[in-house]
Peer 1: 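Submitted below is the structure of interest, expressed as structure tokens.
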Amino acid sequence: MLEGKALVEDTDMPIKMQIQAMAYASQALDLFDVLDCKSIAAHIKKEFDKKYGNGWQCVVGSNFGCFFTHTKGTFIYFTLETLNFLIFKGASSLSS
């Protein structure tokens, strides 16, 4: 397990889910090289899909922009070590 602590920048997730997100991120950083952001993100996404159902998205890196719609209560953005983590479950858009 990494010694560093995560810094939550923004979230609407329940606290237990936030803790799980940071634990999966820490686990992924133990399993993969810090430069292998794609494998880190894939690991976190797969773990969230298993625990909370399919449809999760995960972005990992040190410099990225994004714009998305998420399901209420499923969003977190945090920093751990040198990387930023964005995890959310996509929202379906209803067209009129």
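Please read all numbers here as calculations on a predicted model, not as lab measurements.
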Peer 1: If we ignore hydrogens and angles and just use 3.5 Å, is the side chain of K45 paired with the main-chain N or O of W56 as donor and acceptor?
Peer 2: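 Confirmed, K45 side chain pairs with W56 backbone.
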Peer 1: Quick check for you: to the nearest 0.5 Å, what is the distance between D30 atom CG and I40 atom CD1?
Peer 2: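 Between D30 CG and I40 CD1, I get 10.0 Å after rounding to 0.5 Å.
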Peer 1: Applying a strict under-4.5 Å side-chain criterion to I, L, V, M, F, W and Y, I'd like to know whether V60 and L35 cluster together.
Peer 2: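 Yes, V60 connects to L35 through the hydrophobic network.
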Peer 1: Side chain of Q18, backbone of M13: donor and acceptor closer than 3.5 Å?
Peer 2: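 Checked: pair present.
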Peer 1: Hydrophobic clusters here meaning ILVMFWY residues chained together by side-chain heavy-atom distances under 4.5 Å, can you tell me if F32 and Y24 are in one?
Peer 2: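 Yes, it is one cluster - the side chains of F32 and Y24 are joined through contacts under 4.5 Å.
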Peer 1: Say whether F78 and V34 are linked into one hydrophobic cluster, either directly or through other cluster members, by side-chain heavy-atom distances under 4.5 angstrom.
Peer 2: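 Result: yes, single cluster for both.
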Peer 1: Determine yes or no for a side-chain-to-main-chain donor-acceptor pair under 3.5 angstrom, with T74 supplying the side chain and T71 the backbone.
Peer 2: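 Between the backbone of T71 and the side chain of T74 there is a qualifying donor-acceptor contact (under 3.5 Å).
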Peer 1: May I ask you to check whether Y77 and F85 place their ring centres under 6.0 Å from each other?
Peer 2: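 F85 vs Y77: aromatic centres not under 6.0 Å.
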Peer 1: Looking only at heavy atoms, which two atoms of C37 and G61 are closest? And how far apart?
Peer 2: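 Of all heavy-atom pairs spanning C37 and G61, the closest is SG-CA, 4.0 Å.
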Peer 1: Set out, in order, the CA-CA distance, both residues' side-chain angles and the distance that settles side-chain contact (heavy atoms from CB on, under 4.5 Å) for K89 and Q57, then state yes or no.
Peer 2: CA-CA 6 Å; K89 193 167 195 174; Q57 307 299 319; over 6 Å; no
Peer 1: What distance separates Q20 CD from I76 CD1, expressed to the nearest 0.5 Å?
Peer 2: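 So the gap between those two atoms works out to 11.0 Å.
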Peer 1: Calculate, to the nearest 0.5 Å, the distance between atoms SG and CG belonging to C58 and L86 respectively.
Peer 2: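 Going from the SG atom of C58 to the CG atom of L86 covers 7.5 Å.
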Peer 1: Test of understanding: clusters of I, L, V, M, F, W, Y form through side-chain heavy atoms closer than 4.5 Å, transitively. Do I44 and F64 belong to the same one?
Peer 2: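 Result: no, two separate clusters.
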Peer 1: Would you give the length of the straight line joining atom CG of L83 to atom CG of L29, rounded to the nearest 0.5 angstrom?
Peer 2: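 Reported value, rounded in 0.5 Å steps: 6.0 Å.
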Peer 1: Determine yes or no for a side-chain-to-main-chain donor-acceptor pair under 3.5 angstrom, with D12 supplying the side chain and F75 the backbone.
Peer 2: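 Yes: the side chain of D12 pairs with the backbone of F75.
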Peer 1: If I take atom CG from residue L80 and atom CG from residue L7, how far apart are they, to the nearest 0.5 angstrom?
Peer 2: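 Reported to 0.5 Å precision, the distance equals 10.0 Å.
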Peer 1: Could you report the tightest heavy-atom contact between M17 and G73, atom names first, then the distance?
Peer 2: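 Closest pair (atom of M17, atom of G73, distance): SD-O, 4.1 Å.
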Peer 1: Would you compute the distance between atom NZ of K46 and atom CG of N54 and round it to the nearest 0.5 angstrom?
Peer 2: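 Answer for the NZ-CG pair, K46 versus N54, is 12.5 Å.
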Peer 1: May I have the step-by-step check of side-chain contact (heavy atoms from CB on, under 4.5 Å) for V8 and M22, ending in yes or no?
Peer 2: CA-CA 9 Å; V8 177; M22 292 178 272; 4.0 Å; yes
